[in-house]
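Everything numeric here is computed off the predicted structure, so don't read it as measured data. We name chains A, B, ... by the order of the sequence lines, and we start the count at 1 in each one.
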There are 2 protein chains.
Amino acid sequence: MCQLTGYTGAMRSDTSPWLDDRQQRVWRQWLQSNARLTAALARQLSQDSGTSLADFEVLVHLSESPEGRVRIVQLADTLQWERSRLSHHLTRMEKRGLVERQGCTEDGRGAYAVLTDEGRVLIEQVAPGHARTVRDLFFGELTDDELAALDRFTAGLLARLDQR
Amino acid sequence: MCQLTGYTGAMRSDTSPWLDDRQQRVWRQWLQSNARLTAALARQLSQDSGTSLADFEVLVHLSESPEGRVRIVQLADTLQWERSRLSHHLTRMEKRGLVERQGCTEDGRGAYAVLTDEGRVLIEQVAPGHARTVRDLFFGELTDDELAALDRFTAGLLARLDQR
DNA sequence: GCCAAGTTGTTGACGTGTCACCAACGTTAG
DNA sequence: CTAACGTTGGTGACACGTCAACAACTTGGC
């Protein structure tokens, strides 16, 4: 995804922008595994319950909050979504009866997203299958050392991304 | 993204579907780093050249093929895209002058996607910046051992995904 | 109290991805 | 040959994400 034929050999050096062969392979594996893992999880959710990964994230965050209620700003912050995206998404989920909106008495501008009973039933039905899929596909039979190494890598990657 | 409050302690066991605390942390880190890495790469491409990650993938695959020409089916297979998605995307890129379509003499049904001169200029301008961003953000200052560990993990993950 | 500036949430327009369907063509069995 | 079937690529409808703009509200300085 990142290397043009012909430049490979000629331009490789410490100061060139290119990736070496091993980096190349790892990078493409990362892209591939990501795409396919996401697709597998989405398929599993969709088949089991007709929900998308986005729906699932919203439902989980609501269900983890007291009374299944979260201020919409805070939800957008946590999910790292744009407000308008969340607003559109809540509208769609509201139509399906999974969430509701409530006005906010403390701040006249604000609003809460609230999990409905139907939404809570759904998330409790769906979560175990999702967790199992993640465990089987993502973690597999990793050893403790391998898990620790992965932990260090993702933590380091996040730190690098934070620096920007 | 995968654990409902309240179930955490009670249901953890070898046969339960849930993730333990460390798996939980690593999984959320993986999701986070993915989302943010993708966003960073997209931002870089968009600012530098007005292209999306999807545009970039198409351009790279075309530029890596002889005469910048690939059968559309094959391109869809390589990218793991739906044909209709690729068809729509090629239409949009065609309007911007980055690619063209050519009929196929060997197979009357078939068609080629062809890189235009303009498209080739663009990809050659954009690729170095992209590669540099990947190297800086994704690989950072990884040691050889860390890189090898990452290689093993992504390879294993892909193998697990293939088994399905 | 009052005005300027910032915050919260929503909306509409637009670009893009997915799905179902279709036309055109190739391939193969009879 | 031809009828049946699979393949290739395209189209329209719809779902979704982003952006710009907006109304309603709060906050802080005066």
Asker: So if I take every side-chain heavy atom of Ile72(B) and compare against dG9(D), dG17(C), dT26(D), which nucleotide ends up nearest?
Answerer: dG9(D)

Asker: Nearest whole angstrom, please: distance from the C1' of dT8(D) to the CG of Asp77(B).
Answerer: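 Rounding to the nearest Å, CG of Asp77(B) and C1' of dT8(D) are 11 Å apart.
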
Asker: Could you please name the option among dG10(D), dT18(D), dG9(C) that lies closest to any side-chain atom of Arg85(A)?
Answerer: dT18(D)

Asker: dG15(C) C1' sits how many Å from Arg96(B) CZ, rounded?
Answerer: 11 Å

Asker: Checking side-chain polar atoms at under 3.5 Å, does Gln24(A) have a donor or acceptor matched by the opposite partner on Arg28(A)?
Answerer: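 The criterion, which ignores hydrogens and geometry beyond distance, is satisfied for Arg28(A) and Gln24(A).
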
Asker: Starting from P on dG17(D), measure out to CD on Gln80(A) and report it in whole angstrom.
Answerer: 15 Å

Asker: Start at the 5' end of DNA chain D and walk down; is the nucleotide closest to Ser84(A) or to Glu106(A) reached first?
Answerer: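 Comparing both residues, the 5'-ward one is Ser84(A).
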
Asker: Below 4.0 angstrom from OP1 or OP2 of dT8(C), is there any side-chain N or O of Arg109(A)?
Answerer: no

Asker: OP1 or OP2 of dG9(C) less than 4.0 angstrom from a side-chain nitrogen or oxygen of Arg101(A), does that happen here?
Answerer: no

Asker: Where the side chain of His88(A) is defined as all heavy atoms beyond and including C-beta, which of dT11(C), dT8(D), dT10(C) is the nearest nucleotide?
Answerer: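 Nearest to the side chain of His88(A) among the choices is dT11(C).
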
Asker: Closest approach to the side chain of His89(B), judged atom by atom: which nucleotide of dA24(D), dG17(C), dT18(D) is it?
Answerer: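 Per side-chain heavy atoms of His89(B), the pick is dG17(C).
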
Asker: How about CG on Asp117(A), more than 12 heavy atoms from neighbouring residues, nucleotides or ligands closer than 6.0 Å, or not?
Answerer: no

Asker: Choose from dT18(C), dT18(D), dG9(D) the nucleotide whose nearest atom is closest to any side-chain atom of Arg71(B).
Answerer: dG9(D)

Asker: What are the two closest heavy atoms between Glu146(A) and Glu141(A), and how far apart are they?
Answerer: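 That would be OE1-O, 4.4 Å.
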
Asker: Would you kindly give the CG-to-C1' distance between Leu86(B) and dT18(C), to the nearest whole Å?
Answerer: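 It works out to 14 Å between those atoms.
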
Asker: Are Phe138(A) and Phe153(B) an aromatic pair by the rule of ring centers under 6.0 Å?
Answerer: yes

Asker: Atom CD of Gln47(B) and atom P of dC19(D): how far apart are they, to the nearest Å?
Answerer: 11 Å

Asker: What is the distance, to the nearest angstrom, from the CG atom on Asp107(B) to the P atom on dG6(D)?
Answerer: 17 Å

Asker: Specify the separation, in whole Å, of atom CD of Glu82(B) and atom C1' of dG10(D).
Answerer: 14 Å

Asker: In Å and rounded to the nearest 0.5 Å, what is the CG to CZ distance from Leu90(A) to Arg83(A)?
Answerer: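 Atom-to-atom, Leu90(A):CG and Arg83(A):CZ are 13.0 Å apart.
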
Asker: In terms of side-chain heavy atoms of Arg83(B), which of dG9(C), dT8(D), dG17(C) is nearest?
Answerer: dT8(D)

Asker: So what does Ser52(B) touch, heavy atoms closer than 4.0 Å: a base, only the sugar-phosphate, or nothing?
Answerer: nothing

Asker: Looking only at the side chain of Arg92(B) (C-beta and beyond, no hydrogens), which of the listed nucleotides dT18(D), dT11(D), dT16(C) gets closest?
Answerer: dT16(C)

Asker: Given atom CG of Leu53(B) and atom P of dT16(C), what is their separation to the nearest angstrom?
Answerer: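 In whole Å, dT16(C) P and Leu53(B) CG are 13 Å from each other.
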
